[in-house]
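Worksheet: one structure, shown below.
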Amino acid sequence: MTEKRPLTQVNASVPGTEVAAETAAAMASASLVFKTADSTYSSTLLTHAKQLFTFADNNRGSYSEKIPEVATYYNSTGYGDELLWAASWLYHATADQSYLEYVTGENGKEFAQWGSPTWFSWDNKLAGAQVLLSRLSFFGASGNSVIENYRKSAEDVMCGLLPQSPTATSSRTESGLIWVSEWNSLQHPVASAFLAALYGDYMLTTQTAKLTCGDHSFEPSDLRKFAKLQADYVLGSNPLKMSFLVGYGDKYPQYVHHRGASIPVNATTGCTDGFQWLNSAKPNPNVAVGALVGGPFLNETFVDSRNNTMQTEPTTYNSAVIVGLLSSLVTTSSAVKSFG
């Protein structure tokens with residue numbers, strides 16, 4: 001693509017709390033990844049994470065209200081979850097008590113929605129923040145009673161996912177795939193399974209034997225079994241015997257709604273010239289290896305067509321969580337006990 005691609009920015013006049021806080025969370029978590037391997041880069045990430053979080057908190061406003069043209073595609077339902085998400089990661093990256101006070105004080109009361117399980121998604125980070133903050137309870141590093149509210153909320157999420165739980169969600173297909181939305185249906189099962197695998201690792205590491213859901217109790221292995229069921233479904237253990245991860249297995253989507261996959265490598269095209277390939281009856285000339293498509297409908301059907309955007313379009317937020325889920329299932333690993 002050779003034409004101009006103008007950028008849109010958020011600033012003090014046009015705030016976008018979700019964007020700034022989400023980026024702060026990403027940088028804070030990445031600073032932990034690079035802490036040993038590249039301490040200079042890690043420090044740079046953390047510096048900017050702090051700056052972005054301060055900006056996000058001091059200049060509150062939803063990006064999809066301030067930049068309404070994005071609302072058609074990615075309309076935010078609120079920025080409180082991103083603020084808690086960022087503060088949670090910053091506490092883990094810095095051990096600075098001010099971030100712990102942020103999530104357990106007035107902001108926690110306003111935004112945490114304790115006792116109301118939510119789906120972990122690009123728009124809502126609460127379930128992720130609850131699982132992340134439950135680490136502090138598991139590993140005994142907080143001593144803050146409010147952290148128990150986050151852990152209890154995380155437990156509520158887990159109990160909703162386990163199919164034998166008395167509070168199990170009915171939002172799933174006949175084959176057991178978590179199913180919440182027609183558009184990009186695989187985001188929710190993959191993200192949920194990732195959190196379940198992670199929570200199960202917290203339990204294993206701390207030798208926490210049971211998760212109580214009403215009058216039932218479950219073991220870490222039950223969480224892992226659920227996570228594996230979701231992953232196996234995505235990779236081909238489903239009624240269609242199709243892998244929804246492009247490039248994996250013998251059968252996977254051939255008409256992925258993806259410009260780079262559908263336009264030949266040697267083509268020269270502008271922004272509006274791609275329709276001949278969008279509407280082509282031929283399979284994609286390029287395989288978008290590792291792309292996770294939208295996924296099946298509730299009745300477990302899938303129409304492999306480029307114009308079927310809700311099912312064949314891959315997204316970065318799908319592909320990101322499938323990497324996390326598959327990594328967590330490679331082995332039963334102990335969660336890292338230390339932080340900061």
> Is there side-chain contact between Lys210 and Phe218, with heavy atoms separated by less than 4.5 Å?
Replying inline: no
> Which pair of heavy atoms, one from Gly115 and one from Asp156, lies closest together, and at what distance?
Replying inline: CA-OD2, 3.9 Å
> Backbone N or O of Thr212 within a donor-acceptor pair of the His216 side chain at under 3.5 Å?
Replying inline: no
>> Do Phe139 and Leu198 land in one hydrophobic cluster if side-chain heavy atoms of ILVMFWY residues count as linked below 4.5 Å?
In response: yes
>> For Val103 versus Trp114, what's the shortest heavy-atom pair and its separation?
In response: O-CZ2, 4.4 Å
> Does one side chain, of Thr77 or Asp123, offer a donor that lies under 3.5 Å from an acceptor on the other?
Replying inline: yes
> Side chains of Arg151 and Ser137: donor-acceptor distance under 3.5 Å anywhere?
Replying inline: yes
> Tell me the side chain to side chain donor-acceptor pair (under 3.5 Å) pairs involving residues 60-72, sequence neighbours left out?
Replying inline: Glu18-Ser62, Asp57-Arg60, Arg60-Tyr102, Arg60-Asn107, Ser62-Ser64, Ser64-Asn75
>> Ignoring hydrogens and geometry beyond distance, is a side-chain donor-acceptor pair present between Thr208 and Thr206 at under 3.5 Å?
In response: yes
> Does the Asn284 side chain pair with the main chain of Val287, one donor and one acceptor, at a distance under 3.5 Å?
Replying inline: no
> Is the backbone N or O of Ser185 less than 3.5 Å from a side-chain atom of Ser181, with the two atoms forming a donor-acceptor pair by type?
Replying inline: no
> Under 6.0 Å from the OH atom of Tyr248, do we count more than 12 heavy atoms belonging to anything else shown?
Replying inline: no
Using residues 310-317 as the side-chain source, report each donor-acceptor pair under 3.5 Å to any protein atom, sequence neighbours left out, with the distance given to one decimal.
from   : atom 1 : to     : atom 2 : distance (Å)
Gln311 : OE1    : Val303 : N      : 3.1
Gln311 : OE1    : Asn308 : ND2    : 2.6
Gln311 : NE2    : Gly295 : O      : 3.2
Gln311 : NE2    : Thr301 : O      : 3.0
Thr312 : OG1    : Ser305 : O      : 2.9
Thr312 : OG1    : Asn308 : O      : 3.1
Thr315 : OG1    : Asn318 : N      : 3.1

>> Minimum heavy-atom separation for Thr269 and Gly274, please, with both atom names.
In response: OG1-N, 3.9 Å
>> Strictly distance-based, threshold 3.5 Å: is any side-chain N or O of Ser42 a donor or acceptor partner for the main-chain N or O of Asp38?
In response: no
> Looking at side-chain heavy atoms only, is the closest gap between Tyr233 and Glu300 below 4.5 Å?
Replying inline: yes
Please list every donor-acceptor pair under 3.5 Å in which a side-chain atom of residues 190-197 meets a protein atom from a residue at least two apart or in another chain.
from   : atom 1 : to     : atom 2 : distance (Å)
Ser192 : OG     : His188 : O      : 2.7

> For Lys228, what residues pass the salt bridge (Lys or Arg N to Asp or Glu O under 4.0 Å) criterion, not counting sequence neighbours?
Replying inline: Asp232
> Can any side-chain N or O of Glu155 pair as donor or acceptor with the backbone N or O of Leu211 at less than 3.5 Å?
Replying inline: no
>> If you apply the rule salt bridge (Lys or Arg N to Asp or Glu O under 4.0 Å), what do you find for Glu106 with Lys109, and how did you get there?
In response: CA-CA 5 Å; Glu106 291 303 314; Lys109 293 176 183 177; 3.5 Å; yes
>> Looking only at the aromatic ring of each residue, does the gap between the centers of Phe226 and Tyr199 stay below 6.0 angstrom?
In response: no
>> Under 3.5 Å, is there a donor on one side chain and an acceptor on the other for Asn279 and Arg306?
In response: no
> Can you tell me if Gln113 and Thr118 form a side-chain donor-acceptor pair at under 3.5 Å?
Replying inline: no
>> How close do Gly160 and Arg172 get, counting heavy atoms only, and between which atoms?
In response: O-NH2, 3.2 Å
> Counting N and O atoms only, with roles assigned by atom type, does the side chain of Thr104 sit under 3.5 Å from a partner on the main chain of Leu100, one being a donor and the other an acceptor?
Replying inline: yes
> When you measure from the side chain of Thr47 to the backbone N and O of Ser43, does any donor-acceptor pair fall under 3.5 Å?
Replying inline: yes
>> Donor-acceptor pair, distance only, cut-off 3.5 Å: does the side chain of Gln230 make one with the backbone of Ile178?
In response: yes
> Hey, does His92 have a side-chain heavy atom less than 4.5 Å from the side chain of Leu136?
Replying inline: yes
> Heavy-atom distance under 4.5 Å between the side chains of Pro296 and Asn238, does that happen here?
Replying inline: no
> Do you know which two heavy atoms are closest between Thr17 and Ala56, and how far apart they sit?
Replying inline: OG1-O, 3.3 Å
> Hey, does the side chain of Asn286 reach the backbone of Ile263 with a donor-acceptor pair shorter than 3.5 angstrom?
Replying inline: yes
>> For residues 186-269, which residue pairs pass the disulfide bond (SG atoms under 2.5 Å apart) check, not counting sequence neighbours?
In response: Cys159-Cys213
Tell me which donor-acceptor pairs under 3.5 Å the side chains of residues 22-31 have, and how far apart each pair is, sequence neighbours excluded?
from  : atom 1 : to     : atom 2 : distance (Å)
Glu22 : OE1    : Lys125 : NZ     : 2.8
Glu22 : OE2    : Trp85  : NE1    : 3.2
Thr23 : OG1    : Val19  : O      : 2.7
Ser29 : OG     : Ala25  : O      : 3.0
Ser29 : OG     : Ala26  : O      : 2.9
Ser31 : OG     : Ala28  : O      : 2.6

> Quick one: are Leu83 and Phe53 in side-chain contact, heavy atoms under 4.5 Å?
Replying inline: yes
> Same hydrophobic cluster for Phe111 and Phe55, using side-chain heavy-atom links shorter than 4.5 Å among ILVMFWY?
Replying inline: no
>> I want to check something: taking the side chain as every heavy atom from C-beta on, are Thr94 and Lys50 in contact at a cut-off of under 4.5 Å?
In response: yes
> Any sub-3.5 Å donor-acceptor pair from Ser134's side-chain atoms to Val131's backbone N or O?
Replying inline: yes
> Does a side-chain heavy-atom distance below 4.5 Å link Val289 with Val246?
Replying inline: no
> Which pair of heavy atoms, one from Leu132 and one from Tyr202, lies closest together, and at what distance?
Replying inline: CA-OH, 4.4 Å
